[in-house]
There are 2 protein chains.
Amino acid sequence: MDKIARDPMYRLLLDGPPRSSRELEQALGLSRVTAAQRIRALASEGLIVEDGTMASGGGRPARTWRINPHYRNLLGVDIGEEMARVVLFDCGCGVLDEALLPVDLRADPAQTLEALARVADRLARSPKATAKVAGLGMALPAPIDYRQGRVAKPSVMHGWDQIDLRALLSARLGLPVALDNDVNLMCMAEQRLHWPDARHVVFIKAGTGIGCGMITDGHLLRGAFGTSGDIGHIQHTPQPHQLCRCGKEGCVEAHAAGWAIARDLRALGHDCHDARDVMQLYARGAPECRALVNASSRIIGTVSADLVAVLSPELLVLGGTLAGAGEAMLAGIRERVYQRCLPLATERLQICLARGDARLGTQGAAMLVRQILTDPR
Amino acid sequence: MDKIARDPMYRLLLDGPPRSSRELEQALGLSRVTAAQRIRALASEGLIVEDGTMASGGGRPARTWRINPHYRNLLGVDIGEEMARVVLFDCGCGVLDEALLPVDLRADPAQTLEALARVADRLARSPKATAKVAGLGMALPAPIDYRQGRVAKPSVMHGWDQIDLRALLSARLGLPVALDNDVNLMCMAEQRLHWPDARHVVFIKAGTGIGCGMITDGHLLRGAFGTSGDIGHIQHTPQPHQLCRCGKEGCVEAHAAGWAIARDLRALGHDCHDARDVMQLYARGAPECRALVNASSRIIGTVSADLVAVLSPELLVLGGTLAGAGEAMLAGIRERVYQRCLPLATERLQICLARGDARLGTQGAAMLVRQILTDPR
DNA sequence: TTACTTATGTAAAGTGTTTATCATAAGAGG
DNA sequence: CCTCTTATGATAAACACTTTACATAAGTAA
């Protein structure tokens with residue numbers, strides 16, 4: 001995107017609903033003249049378009065302005081443990097085209113990257129594209145050194161911490177590239193797209209693994225070393241100790257994650273390997289599965305209670321594959337949170353299922369590049 | 001403070017070390033001419049003064065500027081469970097005069113406030129005062145509705161949530177007043193005064209009660225309802241359940257707080273009622289006391305590990321009365337944190353004792369009003 | 001001492017923003 | 001229809017900041 005896109009007025013319209021000239025002027029603290037001038041500039045460049053008029057309050061109704069979604073397109077990539085999703089978005093995060101490809105995180109990252117790059121290239125030239133692609137964002141299931149744009153040093157994604165991921169991808173594609181942890185990006189997308197007024201949000205992703213993203217005062221909380229939100233390996237220590245895939249015992253994941261439920265279901269004779277398999281069994285109503293999911297939800301509820309006590313969010317959202325169990329998962333979380341936290345912290349707290357779909361990670365990734373491309377520095 | 005004090009240049013000098021014209025210019029993104037002009041304006045108003053010269057790098061050495069601590073004075077109040085401390089500061093947070101007064105939080109808040117106001121008035125007219133008082137900050141051992149400037153609704157400070165604390169005090173004293181939770185303010189003061197480069201800090205206050213303050217990305221994390229940092233009532237559940245003063249069982253406080261240790265020591269025949277008594281016994285080397293303090297430190301370490309996993313701070317500071325046990329407290333915290341957290345989260349994490357003294361709360365309070373008085377809005 | 005370096009002061013020209021004023025546009029309500 | 005209200009456009013003077021250029025101040029290194 002061009003220089004003009006760094007106008008804070010454009011950022012405001014990217015993040016929020018259409019606004020009138022006066023609203024923009026007040027939100028940015030500009031004078032009417034300057035606001036109008038900047039609106040003209042953005043409109044003449046095709047960055048924003050007229051949206052409609054507001055209800056009249058006894059006078060001439062105000063025109064509202066919104067971003068032009070077809071000014072540029074964006075690519076969002078979400079690398080999962082087995083599949084990667086690549087989505088072509090317009091710059092309002094509307095889906096234009098999409099592709100899935102299998103990935104093997106234990107394989108050579110160079111090969112995986114090349115496969116991803118080919119798909120990205122193909123999508124950028126898709127007949128459904130509405131503009132040229134301005135950048136690519138990528139969500140990764142690993143701690144990310146956000147400043148450096150690479151996977152943080154010791155990581156589960158073997159070998160990925162060795163390469164300068166952002167520079168490599170950017171050079172290969174000829175596009176600006178931004179990276180972040182997948183849960184962080186899901187959290188950001190969920191908040192920005194579905195709860196724009198919430199300033200303090202905890203997003204729990206319960207899938208094959210468990211993690212959380214946090215927004216405090218409207219800002220994504222990344223922490224000092226890119227490891228924030230690592231709730232999966234908080235010590236839970238209920239009676240039967242379980243070995244976690246991280247090598248420790250008694251982690252939350254080892255009792256409540258999709259892989260742990262699958263492990264327990266396999267022990268009961270089911271053919272079940274990941275969170276998706278668990279949800280299939282759950283949907284079919286297998287009682288053992290329901291029991292395990294309920295138990296999981298209470299364990300996640302225990303951690304949630306700690307998060308609520310520490311962070312005092314106004315919204316706790318549950319996403320990830322296990323959120324497919326819906327109210328059953330929420331029940332366990334609510335039970336523990338209301339049981340353990342102060343009324344003051346819970347009386348106005350909302351506990352909900354994520355409204356975003358499986359594309360949440362890619363949407364967050366696209367929003368991240370967009371944010372960087374429109375950052376005034 | 002006057003209008004000119006809202007200059008971001010002044011705020012920069014308030015928070016940081018003395019700087020040269022060039023450093024100010026770069027930090028604020030101004031041109032040399034404008035920076036010099038603003039420096040002149042601030043200096044002529046008496047807000048800043050010349051500090052000295054920097055080391056020469058082969059040319060004329062740069063002059064450095066610092067705030068004039070005697071431009072205005074500030075009052076900081078820290079209300080504890082039994083005592084309140086009122087300190088008169090210069091606007092660099094240097095101590096000028098000080099007073100302690102007993103308070104009873106169960107008494108009528110109006111009486112306590114009047115007693116406080118009298119002390120504040122007296123200090124403002126103290127012979128040690130160097131300038132007129134610009135505002136008063138207050139630290140309270142309760143969740144605070146920061147926006148409203150009052151104690152959040154259901155509170156342990158009975159009756160205090162009924163009154164418009166900020167407005168009342170402000171009217172009584174004829175001064176701008178700001179309030180916040182005591183642990184938040186201690187956290188802020190500790191970071192700003194002693195770890196200015198740390199952007200992600202967890203401050204644990206272990207005293208008669210237990211709580212924590214958090215700074216993420218340089219900003220104090222207050223949460224949505226003023227209850228953030230409530231780690232004292234996280235469920236700990238080791239074997240012998242203990243009734244907490246909050247009415248629940250198995251809270252961290254019920255096992256690790258000063259009041260809980262005092263309770264256990266009383267059961268062993270010691271005359272011990274609060275954290276200070278515990279530290280006296282500890283200093284005298286009572287073995288039961290040492291054992292209990294060690295156990296407490298491990299419990300606090302357990303919560304600390306959760307905080308480190310979730311927030312990924314670069315610095316974890318222990319303050320409060322129990323921090324008087326020094327390395328013994330740190331040992332238990334370090335043990336649990338290193339045992340339970342990812343190496344990535346701990347390898348560069350510092351775990352230290354607070355450097356601030358008993359005036360930390362009042363310093364934070366003074367910094368809070370100062371921050372508000374110099375906020376450009 | 002001289003040459004070089006960096007810091008600081010001052011003035012002029014140019015850019016962008018604000019404030020103020022006047023004019024026009026487009027709705028509601030009578 | 002007219003009046004009232006609010007939105008928007010155009011313009012000019014005032015203001016703040018930046019850039020540029022030149023001069024001076026105060027150190028270091030030889």
Side-chain angles (χ1 to χ4, degrees), chain A residues 1-13 16-68 374-377, chain B residues 1-13 16-68 374-377:
Chain A
M1 300 195 183
D2 312 356
K3 211 173 185 182
I4 197 169
R6 304 200 186 272
D7 191 327
M9 184 176 278
Y10 185 60
R11 303 199 81 191
L12 200 64
L13 288 172
R19 288 171 202 258
S20 71
S21 170
R22 179 161 305 254
E23 287 169 330
L24 290 168
E25 168 197 332
Q26 286 170 348
L28 298 169
L30 299 171
S31 72
R32 194 165 63 83
V33 177
T34 318
Q37 178 188 318
R38 296 246 275 262
I39 288 172
R40 260 198 308 280
L42 290 171
S44 77
E45 294 281 334
L47 285 151
I48 63 172
V49 292
E50 252 188 270
D51 179 66
T53 56
M54 296 178 57
S56 162
R60 173 177 174 173
R63 277 182 288 172
T64 55
W65 298 88
R66 59 178 172 82
I67 57 157
N68 170 13
T374 57
D375 186 6
R377 309 262 157 84
Chain B
M1 298 196 187
D2 311 356
K3 212 174 185 180
I4 197 169
R6 304 202 186 272
D7 190 327
M9 183 175 279
Y10 185 60
R11 301 198 84 191
L12 201 64
L13 288 172
R19 288 170 202 258
S20 70
S21 169
R22 178 161 307 253
E23 288 169 330
L24 289 168
E25 165 197 333
Q26 286 170 348
L28 298 170
L30 299 171
S31 71
R32 194 166 63 83
V33 177
T34 317
Q37 179 188 316
R38 295 246 275 262
I39 289 172
R40 260 197 308 280
L42 289 172
S44 78
E45 293 281 336
L47 285 151
I48 63 173
V49 292
E50 254 188 87
D51 179 63
T53 56
M54 295 178 58
S56 162
R60 173 176 173 173
R63 276 183 290 170
T64 55
W65 298 88
R66 61 179 171 80
I67 57 157
N68 170 14
T374 58
D375 187 5
R377 309 262 156 81

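- Across the protein-nucleic acid pair, A/Glu25 atom CD and C/dT19 atom C1' stand 12 Å apart, rounded to whole Å.
- Counting any heavy atom pair closer than 4.0 Å across all strands shown, A/Ser21 reaches sugar-phosphate atoms only and no base atom.
- The residue among B/Arg60 and A/Arg22 whose nearest nucleotide of DNA chain D lies closer to the 5′ end is A/Arg22.
- Here A/Thr53 lies out of heavy-atom contact (under 4.0 Å) with every strand.
- Mapping A/Arg38 and B/Arg40 onto DNA chain C by nearest heavy atom places B/Arg40 closer to the 5' end of the strand.
- You'll find the side chain of B/Arg38 reaches within 4.5 Å of the side chain of B/Thr34, heavy atoms only.
- B/Ser31 comes within 4.0 angstrom of a base, heavy atoms only.
- With rounding to whole Å, B/Gln26 atom CD is found 13 Å from C/dT6 atom P.
- Distance A/Trp65 CH2 to D/dT8 P: 9 Å, rounded to the nearest Å.
- Salt bridge A/Glu25/A/Arg32: absent, no basic N to carboxylate O contact under 4.0 Å.
- Between the CE atom of A/Met54 and the P atom of C/dA26 there is a distance of 18 Å, given to the nearest Å.
- With hydrogens and angles disregarded, no donor-acceptor distance shorter than 3.5 Å links the side chain of A/Ser21 to the backbone of A/Ala36.
- Contact annotation: A/Gln37 does not reach the phosphate of C/dG16 (side-chain N/O to OP1 or OP2, under 4.0 Å).
- Of the candidate nucleotides D/dT8, D/dA10, D/dT18, D/dT18 has the atom nearest to the side chain of B/Leu30.
- The distance from atom CG of A/Asn68 to atom CG of A/Asp51, rounded to the nearest 0.5 Å, is 11.5 Å.
- Heavy atoms of A/Arg63 sit under 4.0 angstrom from primed sugar atoms or phosphate atoms, though from no base atom.
- Between B/Asp375 and B/Arg6 there is no salt bridge, since no side-chain N of the basic residue sits under 4.0 Å from a carboxylate O of the acidic one.
- Side-chain N/O atoms of A/Arg32 and base N/O atoms of D/dG9 include a donor-acceptor pair closer than 3.5 Å.
- The CD-P distance, from B/Glu23 to C/dT8, rounds to 10 Å in whole Å.
- Side-chain proximity of B/Val33 to D/dT19, C/dA28, C/dT18: nearest is D/dT19.
- Between A/Leu24 atom CG and D/dA7 atom C1' the separation is 14 Å, expressed in whole Å.
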